[in-house]
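Notes for the one structure printed next.
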Amino acid sequence: MRNTRSSTPVWQAIAGALRADISEGRYLPGDKLPTEAQLSARFGVNRHTVRHALSQLVDDGLVRTRRGAGAFVASTPTDYPIGARVRFHENLLAAGRRPEKRVLDVECRAATAGEARALDVDDGAPVCAYRGLSLADGAPIAVFESVFPLERTPDIDRHLSDTSSVTDALNRAGVADYTRASTRLTAVLADVTQALHLHLREGDPLLRSTSVNVDAAGNPVEYGRTWFAGDRVTLTLET
């Protein structure tokens, strides 16, 4: 009798089927895959076999798993140039991505010692802290905090509440143009809050950018820190 049993392990066949689904666009970058239970029912196998298949796709870089959330199609990293003129919306549009910012908090308070040094103001001087989430094609890529000296950017807290664009808010506050004076890049680990916003696990790698932007006269108008998800952004330095 002829043996019709396949020589391909079942988990490999499942991985191949899911790989085909992704390549054909059935699941797009950032999409959540069906649950293990749903995939088990689809292929008529147990969850262990499904996990084996998903592990292979993770190793191949096609899928990313998040504890407690499931498996997601991995996104292609977004190219993000860092130079004298860094504009979030322009950078993402140039990379062919749809930019979006979500405001998490806008707060007026006294400057910390580190913020005062960066902004060249007195300790405790009034500043506006703006925290938010940056997204590309609807997927979170970074959390950020920007601090503005209120003496040089009057009413910027109100302007930031009206627009998510820092460039627009600074323009309304009287800063017609600004450029990047310094940038420092540091590898760090995600804390629990950052992990929550970025759909990562606590302790996952992040790349932190610390920068100072100045106006046309060379006065600091923004001290910013951005924590990029390490596997979703490729930072490039421009001269």
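Since this is a predicted model, take the numbers as computed values, not measurements.
In this structure, Arg47 and Glu36 approach most closely via the heavy-atom pair CD-OE1, 3.8 Å. Shown here for Ala111 and Ala116, the closest heavy-atom pair between the two residues is CB-N, 4.2 Å. Contact detail for Ala71 and Thr65: the closest heavy-atom pair is CB-CG2, 4.0 Å. Between Ala142 and Leu198, the shortest heavy-atom distance links the atoms N-CD2, 3.4 Å. A pairwise comparison of heavy atoms in Leu135 and Leu92 identifies O-CD2, 3.4 Å as the closest pair. Shown here for Pro149 and Pro220, the closest heavy-atom pair between the two residues is CG-O, 3.6 Å.
Between Asp21 and Arg42, at least one side-chain N (NZ, or NE/NH1/NH2) sits under 4.0 Å from a carboxylate O, which counts as a salt bridge. Note on Arg109 versus Glu115: salt bridge recorded, some NZ/NE/NH1/NH2 to OD/OE distance being below 4.0 Å.
A distance-only check finds a donor-acceptor pair linking the side chain of Gln38 to the backbone of Thr35 [under 3.5 Å]. Under the 3.5 Å distance criterion, the side-chain polar atoms of Lys32 are matched with a main-chain donor or acceptor of Ala69. A side-chain donor-acceptor contact under 3.5 Å links Arg66 to the backbone of His199. The main-chain N or O of His159 is never found under 3.5 Å from a side-chain atom of Thr163 such that the two would form a donor-acceptor pair.
The distance from the CG atom of Asp191 to the CD atom of Glu202 is 7.0 Å, given to the nearest 0.5 Å. Taken from CG in Asn213 to CZ in Arg180, the straight-line distance is 5.0 Å, to the nearest 0.5 Å. With rounding to the nearest 0.5 angstrom, the CD atom of Glu145 is 12.0 Å from the OH atom of Tyr130. Remark: Gln194 CD to Leu206 CG distance equals 5.5 Å, nearest 0.5 Å. Between Asp155 atom CG and Phe148 atom CZ the span is 13.5 Å, to the nearest 0.5 Å. Rounded to the nearest 0.5 angstrom, Leu33 CG and Arg64 CZ are separated by 11.5 Å.
Residues Thr153 and Leu170 form a side-chain contact, since some pair of their non-hydrogen atoms from C-beta on lies under 4.5 Å apart. At a threshold of 4.5 Å between non-hydrogen side-chain atoms, the residues Lys101 and Leu133 do not count as touching.
Side-chain rings of Tyr27 and Phe72 stay apart, their centers remaining 6.0 Å or farther from each other.
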I'd like to know whether Arg172 forms a side chain to side chain contact (heavy atoms under 4.5 Å, CB included) with Arg158, so could you lay out the CA-CA distance, the side-chain angles of the two residues, the decisive distance to 0.1 Å, and finally the verdict. CA-CA 10 Å; Arg172 296 184 191 186; Arg158 178 167 57 84; over 6 Å; no

With side chain to side chain contact (heavy atoms under 4.5 Å, CB included) as the test, would you mind laying out the steps for Val175 and Arg152 before giving the verdict? CA-CA 8 Å; Val175 180; Arg152 297 182 196 130; 6.0 Å; no

Under the side chain to side chain contact (heavy atoms under 4.5 Å, CB included) criterion, do Ile14 and Thr49 qualify, and how do the steps go? CA-CA 9 Å; Ile14 294 172; Thr49 302; 3.9 Å; yes

Could you give me the CA-CA distance, side-chain angles and deciding distance for His197 and Leu104, then say whether side chain to side chain contact (heavy atoms under 4.5 Å, CB included) is met? CA-CA 10 Å; His197 286 307; Leu104 300 177; 3.8 Å; yes

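Residue Glu107 qualifies as enclosed at atom CD: its count of foreign heavy atoms under 6.0 Å is above 12. A 6.0 Å sphere centred on CG of Asp122 holds no more than 12 heavy atoms belonging to other residues, nucleotides or ligands.
Follow the hydrophobic side-chain contacts under 4.5 Å out from Val143 and you never reach Val106; the two are in separate clusters. Both Val103 and Ile156 are members of a single hydrophobic cluster when ILVMFWY side chains are connected at heavy-atom separations under 4.5 Å. Cluster annotation: Val58 and Leu62 are assigned to the same hydrophobic cluster (Ile/Leu/Val/Met/Phe/Trp/Tyr, side-chain heavy-atom contacts under 4.5 Å, transitive). Leu18 and Val45 fall within the same hydrophobic cluster, where Ile, Leu, Val, Met, Phe, Trp and Tyr residues are linked whenever their side-chain heavy atoms come under 4.5 Å apart, directly or through other members. Criterion: ILVMFWY side-chain heavy atoms under 4.5 Å apart, direct or through other members. Under it, Leu207 and Val233 are part of a common hydrophobic cluster.
Taking Ile, Leu, Val, Met, Phe, Trp and Tyr as members and joining any whose side-chain heavy atoms lie under 4.5 Å apart, directly or through other members, the hydrophobic cluster of Tyr223 also contains Leu119, Val121, Val127, Val147, Val212, Val214.
Asp137 is linked by a salt bridge (charged side-chain N to carboxylate O under 4.0 Å, His left out) to Arg97, counting only residues two or more places apart in sequence or in another chain. Listed by chain and number, the residues in a salt bridge (charged side-chain N to carboxylate O under 4.0 Å, His left out) with Asp31 amount to none (sequence neighbours excluded).
For the side chain to side chain contact (heavy atoms under 4.5 Å, CB included) with Ser134, the lone residue among Trp227, Phe144, Tyr80 that qualifies is Phe144.
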